[in-house]
Chemist: 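The structure under discussion is supplied below as structure tokens; questions concerning it will follow.
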Number of protein chains: 2
Amino acid sequence: MIDKRTSTKDKILHTACELFYAQGYNATGIQQIIDQAGVSKGAFYSHFKTKDELGLEYLKSRSEEELEHLRAFLSEIDDPKERYLQFTPMIKEWVKSTDYRGCAFANMSAEVPNGQSPIRAEAKHHYEEFRTIIKEMIRDLLASDPALKSLDLQYITDQFLMIQIGAIANAEIFQEIWPFEHAEKAVRLLINEQV
Amino acid sequence: MIDKRTSTKDKILHTACELFYAQGYNATGIQQIIDQAGVSKGAFYSHFKTKDELGLEYLKSRSEEELEHLRAFLSEIDDPKERYLQFTPMIKEWVKSTDYRGCAFANMSAEVPNGQSPIRAEAKHHYEEFRTIIKEMIRDLLASDPALKSLDLQYITDQFLMIQIGAIANAEIFQEIWPFEHAEKAVRLLINEQV
DNA sequence: GTCTATATAAGGATAGAC
DNA sequence: GTCTATCCTTATATAGAC
């Protein structure tokens, strides 16, 4: 991903994304980031006023990436019910690939206690977008099947959201995958599907 | 809670519990802890070899306190179904009282990425105990009602656990209480109770 | 824009007197 | 056990040359 033509700012951001996620925000220093990115401290501060500014851009960048990936995945499945049912297995595979480090936005919220900070606002914003994507997916599902028409869209959406977040958090704590086996069953039950 | 007869070690631990939870582990320095506890740095290091050792004792102490509180709450409700249904509202009130700072053990896991560290082991241990308490509560419930006998104890337990963790995490991100309104409904549905 | 060198504060941890 | 004083490292951030 990083070659000689990559701009300094992109190199920094790319490296920060990796390190902040893998090690945590407060545990990662500027020095390590610039060492790994292969740039100087002066160059860093010419692109970012403070570490918090980098932290904010990290979240924004990561949010775009995750949401884009999610939208692309869902758009490739035509059948609404299949789309709904494949959501959880996809998150499961993603969690495995991240070494069970959990949700970047929840992790950041744990490290930045000030609920009014821009960083926390960005984390909240990501979840709102995430929730919106889920809501649209479920709206399509309810519209596609007369048997599901009477279900409460917002309620199912929020239950679905909580199941995913709960599974990601539990997988992080236990460093195990079973939360997703249960999550798959739970989302089936949400729409009265046999498990 | 802290008076002149409180031992130095207890003063440090008590203060650390407050600060680590409210501000996060890596964002809280030894200096702030000893300042607020009113003890010296030398006294601190005569009781704790390292900051990590204090972090570990913080988790142990907090785990005991939370689990004891939970057990006491549950033991005061005689009817198994009522006990089950009152669990979520109790967590909800607790989350409100903590200013939506979420689960201390999940937060710590977000800050300490090394899954093999003693701190992470302690967080995992807390969740295992938490899960055991839930399992016993649900075992009593299933035994008390013939209509519930056929339900899968472990499955309901893990679903219940994920609902609670998901609600706590979502409440922390959004700084709102609605995840618990949904959680209450979800735990009812788990045992085929009308919402 | 990018570099090296430096400023300044805070981090965790230790030494030695009482 | 507790204190003050100090060590060493690392943190974020800046200054000034190229």
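The chains referred to below are lettered A, B, ... by the order of the sequence lines, with proteins before strands, and numbering in each begins at 1.
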Chemist: Keeping the roles fixed (side chain from A:Tyr127, backbone from A:Leu161), state whether a donor-acceptor pair exists under 3.5 Å.
Modeler: no
Chemist: Taking only the side-chain heavy atoms of B:Thr50 (C-beta and beyond), determine which of C:dC3, C:dA13, D:dT12 contains the nearest atom.
Modeler: C:dA13
Chemist: OP1 or OP2 of C:dT2 versus the side-chain N and O atoms of A:Thr8: is any pair under 4.0 Å?
Modeler: yes
Chemist: Distance check needed: C:dA10 P versus B:Gln23 CD, whole Å only.
Modeler: 14 Å
Chemist: Between D:dA13 atom P and A:Leu54 atom CG, what is the distance in whole Å?
Modeler: 10 Å
Chemist: If you compare every side-chain N and O of B:Tyr45 against the phosphate oxygens of C:dA13 (OP1, OP2), does one of them come in below 4.0 Å?
Modeler: yes
Chemist: Less than 4.0 Å between a side-chain N and a carboxylate O, is that true for B:Arg139 and B:Glu136?
Modeler: no
Chemist: For B:Gly42, report the nucleic acid contact type (base, sugar-phosphate, nothing); a contact means any heavy atom under 4.0 Å.
Modeler: base
Chemist: Without decimals, in angstroms, what is the distance between B:Ile30 CD1 and D:dT9 P?
Modeler: 19 Å
Chemist: Out of C:dG1, C:dC3, D:dC3, which nucleotide sits closest to the side chain of A:His47?
Modeler: C:dG1
Chemist: Once you round it to whole Å, what is the distance between P of D:dG1 and CD1 of B:Ile34?
Modeler: 17 Å
Chemist: Rounding to an integer number of Å, can you tell me how far B:Phe48 CZ sits from D:dT2 P?
Modeler: 11 Å
Chemist: Any side-chain donor paired with an acceptor under 3.5 Å for A:Glu82 and A:Gln86?
Modeler: yes
Chemist: Please pick, from C:dC3, D:dC3, D:dA13, the nucleotide with the shortest atom-to-atom distance to any side-chain atom of A:Ala43.
Modeler: C:dC3
Chemist: Atom CG of B:Asn26 and atom P of C:dA10: how far apart are they, to the nearest Å?
Modeler: 18 Å
Chemist: If you only use heavy atoms from C-beta on, which nucleotide in D:dC3, D:dT14, C:dT2 is closest to the side chain of A:Lys41?
Modeler: D:dT14
Chemist: Distance check needed: C:dG11 P versus B:Phe44 CZ, whole Å only.
Modeler: 13 Å
Chemist: Would you call B:Glu65 and B:Arg62 a salt bridge, using N to O less than 4.0 angstrom?
Modeler: no
Chemist: Per the side chain to side chain donor-acceptor pair (under 3.5 Å) rule, which among A:Glu93, A:His182, A:Gln164 passes with A:Thr88?
Modeler: A:Gln164
Chemist: Using whole Å, report how far CD of B:Gln31 lies from C1' of C:dG12.
Modeler: 10 Å
